[in-house]
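For reference, the structure is listed below as structure tokens.
Throughout, a chain's letter reflects where its sequence line sits, starting with A, and its residues are numbered from 1. The shown structure was predicted, so the numbers you read here are calculated from the model rather than taken from an experiment.
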2 protein chains.
Amino acid sequence: MSVAAIKYDAGVSRWEPNARGRLEQAAMDLYVERGFEQTTVAEIASRAGLTERTFFRYFSDKREVLFWGAASLQEILVNTITDAPGGTSPIAAVAAAIEVAGTLFQEGRERSRARQAVIEANPELKERELIKLAALAAAMAEALRGRGVRDPVASLAAEAGIAVLKISFDEWVAILGDDDLPQRMRAAFSELRAVTAG
Amino acid sequence: MSVAAIKYDAGVSRWEPNARGRLEQAAMDLYVERGFEQTTVAEIASRAGLTERTFFRYFSDKREVLFWGAASLQEILVNTITDAPGGTSPIAAVAAAIEVAGTLFQEGRERSRARQAVIEANPELKERELIKLAALAAAMAEALRGRGVRDPVASLAAEAGIAVLKISFDEWVAILGDDDLPQRMRAAFSELRAVTAG
DNA sequence: TACATTGATGTCAGCGAATGACATCGCCGC
DNA sequence: GCGGCGATGTCATTCGCTGACATCAATGTA
């Protein structure tokens, strides 16, 4: 739905449209402005023209605003693994999925940066990020099992992939200029191969 | 310290000794009996003969009761890596550290089991566990850097070690009989080598 | 047209985690 | 014996989060 459509609808419909989007925007703005802890849910809701109660109808908790998008990322990773050509090795399928994720992050570069800065500044948010990454690993392992890969190979390949994702992403975010994230990921995978061979 | 000793001390000192230990014990008991969420800090404190406020003086939050022991584990991992003979490869140093941890878990087997059951049953606790594991990985990476290992090798080796720890530990906990955790960890490391070799 | 239903939001009350400020009072060194 | 210290208690408060119920436009249906 376009912005024009939103304007059109205002006053016609009972409420402003896109409540979830407004809440998300308000939350991000406030988290960036004053930090996560210093922002209350009441403030977020108020800035979005809604009430606290409504915030909690859209997001299970204050942290989830920054993470609900992980669901679609998970879907992409799983599909990439599932759709990999037969005969692709587990680690190659995982690597392909991780690189697709890398491409996506690269597209929304500034957004990724801002988001990561907020998360990095708060331990509670780091916890949430880690559990989302763990969920991604679990989902990838499950997708591998769906291809006939057994444990512990499936789990190990998935965990290795997440390790590469984390490390590459952190480096990429820390770098000032813009360099290629998927390429950095490929390099990390080959480093990992050398390291474990150690 | 035995119950008898506690009785002896009562009345001599102003308070029962070992407040922290009593809080920890009370918390574990309650978490096992009714689950983490269904237990209030007030109940824990009351069972330990203390107040809520005192609980928060010993533990930064309700979850930390189950995790404050991670500090000494981290120390052990770091020391093992630091003290590894010169010329030991990064992954070998990490493997050695992880196996030491495995030995420790094995000694307190029932305790590990009970604890893990509580954690597994609650997402908040899983989050906390993950961030502790991430802290362990970061500390091991730092110890490797202290040996002259550069990034991303140091980080990758540390993350790989944590992945092996996690997966082996989970399997070991799930198994009914008692089998050897360090040995399981060695096996997982060699699986990982095969997996990343693709 | 009238009426029932539905769905997104609001209102209100309340619990429990966490924190700051200040009080208490044995213990220990001087 | 006195004065400070340290472990604990008391009190008040903020904030995240939840359940129960109310509101009211839109939509469907007789």
Side-chain angles (χ1 to χ4, degrees), chain A residues 1 5-6 8-28 30-31 33-68 118 122-128 131, chain B residues 1 6 8-27 30-31 33-68 118 122-128 131:
Chain A
M1 181 176 290
I6 290 178
Y8 255 76
D9 280 319
V12 172
S13 207
R14 186 169 178 194
W15 295 284
E16 295 290 316
N18 194 22
R20 176 173 215 122
R22 278 182 293 142
L23 285 166
E24 191 181 359
Q25 188 62 51
M28 262 304 284
L30 287 167
Y31 293 171
E33 279 173 30
R34 350 181 165 164
F36 177 78
E37 292 224 22
Q38 285 64 47
T39 303
T40 71
V41 175
E43 287 166 344
I44 297 169
S46 156
R47 176 174 293 209
L50 294 163
T51 65
E52 217 176 321
R53 195 70 185 81
T54 298
F55 176 92
F56 286 109
R57 287 204 178 91
Y58 283 100
F59 303 101
S60 58
D61 63 60
K62 196 182 159 192
R63 288 175 278 172
E64 199 60 14
V65 189
L66 291 166
F67 296 99
W68 70 283
V118 171
N122 189 281
E124 287 181 63
L125 293 174
K126 279 196 198 173
E127 287 191 346
R128 178 58 53 86
I131 211 167
Chain B
M1 180 175 291
I6 290 176
Y8 253 76
D9 280 322
V12 173
S13 208
R14 185 170 178 194
W15 295 285
E16 296 289 317
N18 195 22
R20 175 172 217 124
R22 278 183 293 143
L23 285 167
E24 190 180 1
Q25 188 62 51
L30 287 167
Y31 292 170
E33 280 172 28
R34 353 182 163 161
F36 176 78
E37 292 223 21
Q38 287 63 47
T39 303
T40 70
V41 174
E43 287 167 344
I44 297 169
S46 156
R47 177 175 292 209
L50 294 164
T51 64
E52 218 177 320
R53 196 69 185 80
T54 299
F55 176 93
F56 286 109
R57 287 205 178 91
Y58 283 100
F59 304 101
S60 58
D61 63 60
K62 197 182 158 191
R63 288 176 277 172
E64 197 61 14
V65 190
L66 291 165
F67 296 98
W68 69 283
V118 171
N122 189 282
E124 287 180 64
L125 292 173
K126 280 196 198 171
E127 287 191 346
R128 178 58 53 86
I131 210 168

Would you give me the side-chain donor-acceptor pairs under 3.5 Å for residues 35-43 of chain A, sequence neighbours excluded?
unit_1: A:T39; atom_1: OG1; unit_2: A:L30; atom_2: O; d: 3.4
unit_1: A:T39; atom_1: OG1; unit_2: A:G35; atom_2: O; d: 2.8
unit_1: A:T40; atom_1: OG1; unit_2: A:E43; atom_2: N; d: 3.2
unit_1: A:E43; atom_1: OE1; unit_2: A:R34; atom_2: NH1; d: 3.0
unit_1: A:E43; atom_1: OE1; unit_2: A:T40; atom_2: N; d: 3.0
unit_1: A:E43; atom_1: OE2; unit_2: A:R34; atom_2: NH1; d: 2.9

In chain order, what residues pass the salt bridge (charged side-chain N to carboxylate O under 4.0 Å, His left out) check against [X], with sequence neighbours excluded?
| X | answer |
| --- | --- |
| A:K62 | none |
| A:E64 | A:R128, A:K132 |
| B:E24 | B:R111 |

Could you state the [atom1]-[atom2] distance from [X] to [N], rounded to the nearest angstrom?
| X | N | atom1 | atom2 | result |
| --- | --- | --- | --- | --- |
| A:R128 | D:dG16 | CZ | P | 14 Å |
| A:N122 | D:dG16 | CG | P | 12 Å |
| A:L30 | D:dG16 | CG | C1' | 16 Å |
| B:W15 | C:dG26 | CH2 | C1' | 7 Å |
| B:N18 | D:dA7 | CG | C1' | 14 Å |
| B:L23 | C:dA17 | CG | P | 14 Å |
| A:R22 | C:dT9 | CZ | C1' | 11 Å |

*Mind running a 4.0 Å heavy-atom check of residues 52-63 of chain B against DNA chain D and sending the residues that fall below it, in number order?*
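The answer is B:R53, B:T54, B:R57, B:Y58.
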*May I ask you to list the residues of residues 36-51 of chain A, by number, that have any heavy atom positioned under 4.0 Å from an atom of DNA chain D?*
A:T39, A:T40, A:V41
*B:A19 versus B:L50, closest heavy-atom pair with distance*: CB-CD1, 3.8 Å
*Taking five pairs at each end, how big is the angle between the two axes of the helix from C:dT1-D:dA30 to C:dC30-D:dG1, to 10°?*
10°
*Would you mind reporting whether A:L66 and A:Y31 have side-chain heavy atoms less than 4.5 Å apart?*
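In short, these two side chains touch, coming nearer than 4.5 Å.
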_Is any side-chain heavy atom of A:L125 closer than 4.5 Å to one of A:V118?_
yes
*Taking atom types as they are modelled, is there a donor-acceptor pair under 3.5 Å from the base of C:dC27 to the side chain of B:R14?*
no
*Partners of B:A26 by side-chain contact (heavy atoms from CB on, under 4.5 Å), sequence neighbours excluded?*
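With neighbours one apart ignored, the set is B:I44, B:R47, B:A48.
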*Side-chain donor/acceptor of A:R22 to backbone N/O of A:E16, under 3.5 Å*: yes
List, one per line, each side-chain donor-acceptor pair under 3.5 Å for residues 52-60 of chain B, sequence neighbours excluded.
unit_1: B:T54; atom_1: OG1; unit_2: B:T51; atom_2: OG1; d: 3.4

*For A:R20, which residues count as a side chain to side chain donor-acceptor pair (under 3.5 Å) partner, sequence neighbours excluded?*
none
